[in-house]
> 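Got a structure here, written out as structure tokens. Questions coming.
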Amino acid sequence: MIKIMFVCHGNICRSPMAEFIFKDLLAKTGRTIEFSVSSSATSSEEIVNGKGMPIYHLAKIELAKHHISCDGKNAVQLKAKDYNYYDYFICMDDYNIANALKIFKGDPLNKVRKLQPNQNIFDPWYTGKFDLAFEQILTGCKLLLAEFEK
Ligand code: 4NP
């Protein structure tokens, strides 16, 4: 089984969108059982009194437009011990990469990378452009899945 963790700053917009978009692609291609897919935050900003916030409502609405559910998802923070379990940490931007490397204290097995190698996924938390984020993430997820078909 291939184990993938999508990573962003807050785990309420981009990385949960990536998690559920990727899971949707897996379901549509009959490949769900080949993967374990999760998402997490480099920050603890969306974890309040030990409880993770649900996915941001505008991200949820954007997913729903594409008939993708994200029910039951709450923000969790990336932990050093995740490094052993997961095969890939797919970050949304350079800042997430830098913070993930701090949490892991390095990346000896080259598990950390960006969803789109030459592009950051603009944060819709700041831009308000959830439709653009969806399209960017969908493109990245399709390319990622295609890598595992080689
Ligand atoms: P995300 O977006 O990293 O895509 O989940 C953000 C969510 C919350 C904050 C920043 C980015 N925040 O500062 O609370």
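The first residue in the sequence is number 1, and the count goes up from there. For ligands, and for the atoms within them, numbers begin at 1 and follow the listed sequence.
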> What protein heavy atom sits nearest atom 11 (C) of ligand 1, and how far away is it?
D123 OD2, 3.1 Å

> Judged on heavy-atom distance to atom 12 (N) of ligand 1, which of R14, M17, E45 sits nearest?
E45

> Can you tell me the protein heavy atom closest to atom 9 (C) of ligand 1 and the distance?
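Protein heavy atom with the smallest distance to atom 9 (C) of ligand 1: W125 NE1, 3.5 Å.
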
> Under the rule for salt bridge (charged side-chain N to carboxylate O under 4.0 Å, His left out), what residues qualify as partners of K28, not counting sequence neighbours?
D24

> Give me the one residue out of C141, C70, S39 that meets side chain to side chain contact (heavy atoms under 4.5 Å, CB included) with F20.
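Single side chain to side chain contact (heavy atoms under 4.5 Å, CB included) partner of F20 among C141, C70, S39: C70.
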
> Considering the heavy atoms of G10, write down every atom of ligand 1 situated less than 4.0 Å from one of them.
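Matching atoms, with element in brackets: 1 (P), 3 (O), 5 (O).
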
> Any N or O of C8 that comes nearer than 3.5 Å to an N or O of ligand 1?
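So ligand 1 has no N or O lying under 3.5 Å from an N or O of C8.
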
> Which heavy atom of I97 sits nearest a heavy atom of R113, and at what distance?
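Looks like CD1-C, 3.6 Å.
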
> Evaluate I12 for polar contact with ligand 1, using N/O atom pairs at a separation under 3.5 Å.
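The answer is yes, given that I12 and ligand 1 share an N or O pair closer than 3.5 Å.
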
> When you measure from atom 8 (C) of ligand 1 to every protein heavy atom, which one gives the shortest distance, and what is it?
E46 OE2, 3.4 Å

> Quick one: do I12 and W125 satisfy side chain to side chain contact (heavy atoms under 4.5 Å, CB included)? Show the steps, please.
CA-CA 9 Å; I12 59 166; W125 176 261; 3.5 Å; yes

> Taking side-chain contact (heavy atoms from CB on, under 4.5 Å) as the definition, give me every residue that meets it alongside D107, ordered by chain and number, with sequence neighbours left out.
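Once residues adjacent in sequence are excluded, the partners of D107 under the side-chain contact (heavy atoms from CB on, under 4.5 Å) criterion are Y83, L101, N110, K111, V112.
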
> Is the number of heavy atoms from other residues, nucleotides or ligands within 6.0 Å of NZ (K65) greater than 12?
yes

> Under the side chain to side chain contact (heavy atoms under 4.5 Å, CB included) criterion, do K60 and D71 qualify, and how do the steps go?
CA-CA 9 Å; K60 188 172 182 165; D71 287 348; 3.6 Å; yes

> Y126 near ligand 1, heavy-atom distance under 4.0 Å?
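It does, in that a heavy atom of Y126 comes within the 4.0 Å cut-off of ligand 1.
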
> Less than 3.5 Å between some nitrogen or oxygen of S15 and one of ligand 1, yes or no?
no

